[in-house]
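See structure below.
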Amino acid sequence: MQTIARLDPLRSAVAALRQSGKVALVPTMGALHEGHLTLVREARKLAEHVVVSIFVNPRQFGAGEDLDAYPRQLAADCALLEPEGTALVWAPEPGEMYPPGYATNISVSGVSEGLCGGNRLGHFDGVATVVCKLFHQVLPDMALFGEKDWQQLAVIRRMARDLDLTQPAVGDIIGVPTVREADGLAMSSRNAYLSADERASAAALPRAMREAIAAIEGGGEVAPALVTLEEALLAAGFASLDYAELRQADSLGPLTTLADTPARLLVAARIGKARLIDNMAVGRTR
Ligand code: PAF
């Protein structure tokens, strides 16, 4: 497994890999967990070579967010990736990704508005910008993203369609279902911020979401189900709810009732130092 920090050697190394098969890209910010390793395993089923990028992208962190505290553990991450058959780790420094004078921003309207885009201003501009750069740097045949960041996946798909980022920039964009702990909590690098008590309480998030979904699918109205969800989270020890919304699965258009189109319940809530997000399919077409 090669670990590369500069763009020129990256391009040569990926070109060499491409001689002997497809290349899949798994973009990450490091602090890898089983969810990321699942993406790598899925990528290996689909491509001969897997490139994992590890870059804590400053442009997607807002003022007062956890950029400085975000865990950075390149050696430990590489030790997890090597046994999974990763061919290459692309780990640029911020100055390599955004050299002095860097001035370009990609902004995707519509799907990036509201939900995490409402609470984290500029966040999805930062995500779209770095992912577009990663696609052009690696030129993968496919890129895999976790469905846990459902809105992020929708933003990246929209950007790829709008900017014609088909081959050679990126082939398929593949969403991989969320990996969960035994108690249902979605795996996230930010779970590391939780104390033992908070970690136990955090299991209320997927539980309250499943209860809300059961109520909505059982014919109950959406708004009261979401109020009950918020009450359950606050009772369990969450400090606050950023949002809990039912949305159309692909366009992320708002839904006040369950229709025949695929729908998604998306939630962000704060507990201790962590802001946890999750989403689940809702409805007959899921
Ligand atoms: O999901 C993440 O880890 C990041 O948002 C991504 C896609 C690697 C871009 O920095």
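Both ligands and their constituent atoms are indexed starting at 1 by order of listing. Predicted model, so just to flag it, every value in this text is computed and none were measured.
- Near Val130, the atoms of ligand 1 lying under 4.0 angstrom from a non-hydrogen atom of the residue are 9 (C), 10 (O).
- Looking at Leu134 against ligand 1, nothing comes within 4.0 Å, counting heavy atoms.
- Of the protein's non-hydrogen atoms, the one nearest atom 5 (O) of ligand 1 is Gln152 OE1, 2.6 Å.
- Applying the 4.0 Å criterion to heavy atoms of Gln60 picks out, from ligand 1, the atoms 4 (C), 5 (O), 9 (C), 10 (O).
- Residues passing the ring-ring contact (aromatic ring centres under 6.0 Å, His included) test with His49, sequence neighbours excluded: none.
- In terms of polar-atom proximity, defined here as any N/O pair under 3.5 Å, Asn57 makes no such contact with ligand 1.
- Interface atoms of ligand 1 facing Pro27, defined by a heavy-atom separation under 4.0 Å, are 8 (C).
- Judged by a 6.0 Å distance limit and a 45° cone about the ring axis, Arg59 is positioned over the six-membered ring of Tyr98.
- Side chains of Ser251 and Gln248: a donor-acceptor N/O pair is present below 3.5 angstrom, by distance only.
- Other residues, nucleotides and ligands contribute only 12 or fewer heavy atoms inside 6.0 Å of the CZ atom of Arg44.
- One finds a salt bridge joining Arg41 and Glu34 here, because a Lys/Arg side-chain nitrogen approaches an Asp/Glu carboxylate oxygen to under 4.0 Å.
- Looking at residues two or more places apart in sequence or on another chain, you find no ring-ring contact (aromatic ring centres under 6.0 Å, His included) involving Phe145.
- Here is the list of ligand 1 atoms found below 4.0 Å of a heavy atom in Thr28: 8 (C).
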